[in-house]
Amino acid sequence: MSKTIFITGTSTGFGKLMTITLSRAGHTVVAGMRGTKDKNKEVAEELAKLPNVNVVEIDVTNDKSVKEAFEDTFARHSGIDVLINNAGLAGFGLVEAYSIEQIKRLFEVNFYGVIRTYQAVLPGMRKAKSGLIINLTSGASGHTLPFMGPYLASKFSVEAITEAIQDELSQFNIENVTIQPGVYPTEMNSGSKAGVQADKPEIAKEYDPIASEIFNNIGAGLFGKMAEFNMDPQVIADGVLDLINMEEGTRPLRYPLDAIAQGTDIEFINTRAELKAKWVAKYTG
């Protein structure tokens with residue numbers, strides 16, 4: 001059955017692949033991105049030529065932009081069946097070397113952008129008593145790494161919101177899923193897409209040379225594994241399609257798609273769920 005699907009961050013990477021994949025599968029896709037008239041005009045026109053794809057301008061950091069994008073969508077379609085929060089920014093650097101403003105920039109896209117789109121679609125989904133919201137987070141879905149603290153904090157925040165709202169929305173039959181992608185060769189990881197990096201070099205120098213050595217070793221390890229496991233971004237687009245095709249009520253809260261983890265991510269997710277159940281039982285039993 002064809003669904004109407006709204007995706008954020010479709011100008012590159014996972015979002016663009018999702019748009020193409022879901023269009024080919026016969027779904028109606030609203031492809032949201034910034035700069036449809038300027039910097040992303042070419043890709044906007046490319047995607048708009050696909051069957052049943054409507055490209056809309058949206059900046060998830062801007063209340064007015066989000067409101068207008070969804071108003072335009074509701075004017076064209078009877079409703080939104082699936083929301084995919086894919087828009088995101090990466091960021092690397094020492095926690096102390098980040099200014100508060102830089103950390104806020106990460107959260108505006110990665111966290112508050114998700115809240116804005118949730119609040120835009122939920123009234124319609126609650127009325128329909130149906131819906132699916134998919135949030136892309138991180139392969140490190142429950143732990144962290146040095147030099148990625150603020151970025152992973154923004155992604156963990158989405159994990160927390162998704163877990164909380166899953167219970168809150170259960171009476172409306174609205175399902176929520178986080179996808180933990182791991183490391184893939186997209187523009188975000190290749191460096192061709194601007195991220196939000198630590199901006200206090202004078203602080204970072206105080207940590208050298210040890211910090212730079214650790215950072216370089218982590219980077220070499222991550223990108224080496226990405227090549228070793230031949231990480232293909234299409235896996236994420238196909239995973240989204242699989243989730244959409246799943247029977248209502250059967251979708252998992254967390255859906256890791258990280259070959260490099262070799263199952264340890266699933267083990268971590270399952271263990272965390274078991275420990276949470278025990279913790280809740282202590283407080284409610």
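Just the heavy atoms: all of them, side chains too, but no hydrogens, waters or symmetry mates, feed the values below.
- Across all non-hydrogen atoms, the minimal contact from Val29 to Ser23 is CG2-N, 4.0 Å.
- Between the side chains of Asn40 and Thr36, not a single donor N or O lies within less than 3.5 Å of an accepting N or O.
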Would you be so kind as to tabulate the donor-acceptor pairs closer than 3.5 Å made by side chains of residues 233-241, with sequence neighbours excluded?
| unit_1 | atom_1 | unit_2 | atom_2 | d |
| --- | --- | --- | --- | --- |
| Gln234 | NE2 | Thr21 | OG1 | 2.9 |
| Gln234 | NE2 | Asp238 | OD1 | 2.8 |

Using a 3.5 Å cut-off and no angle test, enumerate the donor-acceptor pairs between side-chain atoms of residues 218-231 and protein atoms at least two apart in sequence or in another chain.
none

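- With sequence neighbours excluded, the residues that form a side chain to side chain donor-acceptor pair (under 3.5 Å) with Ser99 are Asp199.
- Nearest heavy-atom pair across Ser2 and Gly26 is OG-O, 3.0 Å.
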Return all side-chain donor-acceptor pairs below 3.5 angstrom for residues 125-136, not counting sequence neighbours, or 'none' if the list is empty.
| unit_1 | atom_1 | unit_2 | atom_2 | d |
| --- | --- | --- | --- | --- |
| Asn135 | OD1 | Asn85 | ND2 | 2.9 |
| Asn135 | ND2 | Tyr118 | OH | 3.2 |
| Asn135 | ND2 | Thr162 | OG1 | 3.0 |

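- Considering CD1 of Ile165 and CD of Glu175, their distance stands at 13.5 Å, rounded to 0.5 Å.
- Not a single salt bridge (Lys or Arg N to Asp or Glu O under 4.0 Å) links Asp232 to another residue, sequence neighbours left out.
- To the nearest 0.5 angstrom, Glu57 atom CD is 9.0 Å from Arg34 atom CZ.
- Qualifying salt bridge (Lys or Arg N to Asp or Glu O under 4.0 Å) partners for Glu71, counting only residues two or more places apart in sequence or in other chains: Lys67.
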Without placing hydrogens or testing angles, list every side-chain donor-acceptor pair under 3.5 Å for residues 274-285, not counting sequence neighbours.
| unit_1 | atom_1 | unit_2 | atom_2 | d |
| --- | --- | --- | --- | --- |
| Lys276 | NZ | Glu163 | OE2 | 2.6 |
| Thr284 | OG1 | Val280 | O | 2.7 |

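- The one candidate from Thr117, Val121, Val30 that meets the side chain to side chain contact (heavy atoms under 4.5 Å, CB included) condition with Ile80 is Val121.
- Side-chain contact between Asn54 and Phe6 is absent, with no heavy-atom pair separated by less than 4.5 Å.
- Clustering ILVMFWY residues whenever any of their side-chain heavy atoms sit less than 4.5 angstrom apart, transitively, puts Met246 in a cluster other than the one holding Ile266.
- Residues meeting the ring-ring contact (aromatic ring centres under 6.0 Å, His included) test with Tyr98, sequence neighbours left out: none.
- Panel note: side chain Thr73, backbone Ala69; a donor-acceptor pair is recorded below 3.5 Å.
- In this structure, the side chain to side chain donor-acceptor pair (under 3.5 Å) partners of Glu68, at least two apart in sequence or on a different chain, are Lys64.
- Salt-bridge annotation for Arg272 and Glu267: absent, with no side-chain N of the basic residue lying under 4.0 Å from a carboxylate O of the acidic one.
- Residues that satisfy the side chain to side chain contact (heavy atoms under 4.5 Å, CB included) test with Asn52, not counting sequence neighbours, are Thr28.
- Classification of the Phe92-Phe215 ring pair by plane angle, with boundaries at 30° and 60°, yields perpendicular.
- In this model, no donor atom of one side chain and acceptor atom of the other lie less than 3.5 Å apart for Ser65 and Asp59.
- Counting heavy atoms from C-beta on, the side chains of Phe268 and Thr271 never come closer than 4.5 Å.
- The shortest distance between side-chain heavy atoms of Lys200 and Glu96 does not fall below 4.5 Å.
- Judged as a salt bridge (Lys or Arg N to Asp or Glu O under 4.0 Å), and not counting sequence neighbours, Arg24 has no contacts.
- Applying the salt bridge (Lys or Arg N to Asp or Glu O under 4.0 Å) rule to Glu202 yields no partners; only residues at least two apart in sequence or on another chain are considered.
- Partner of His27 under the side chain to side chain contact (heavy atoms under 4.5 Å, CB included) criterion, chosen from Thr19, Ile5, Asp81: Ile5.
- Between Thr10 and Leu47 the shortest side-chain heavy-atom distance falls below 4.5 Å.
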Salt bridge (charged side-chain N to carboxylate O under 4.0 Å, His left out) between Lys104 and Glu101, worked out: CA-CA 5 Å; Lys104 285 181 177 179; Glu101 287 306 312; 3.7 Å; yes
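- Residues Ile161 and Ile115 have side chains in contact (heavy-atom distance under 4.5 Å, counting atoms from C-beta outward).
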Kindly determine whether Val66 and Ile58 satisfy side-chain contact (heavy atoms from CB on, under 4.5 Å), including the steps that lead there. CA-CA 6 Å; Val66 172; Ile58 184 171; 4.1 Å; yes
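- Hydrophobic clustering, with ILVMFWY side chains joined whenever heavy atoms are under 4.5 angstrom apart, keeps Val82 apart from Leu17.
- In summary, the side chains of Gln180 and Glu159 do present a donor paired with an acceptor at a separation below 3.5 Å, with no hydrogens or angles considered.
- Atom CG of Asn245 and atom NZ of Lys3 lie 9.0 Å apart (nearest 0.5 Å).
- For the pair Ile179/Leu257, a side-chain contact is recorded, criterion being any heavy-atom separation below 4.5 Å from C-beta on.
- Asn110 and Ser154 make their closest contact through ND2-OG, 3.0 Å (heavy atoms, listed as atom of the first residue, atom of the second, distance).
- Distance CZ/Phe107 to OH/Tyr151: 12.0 Å, rounded to 0.5 Å.
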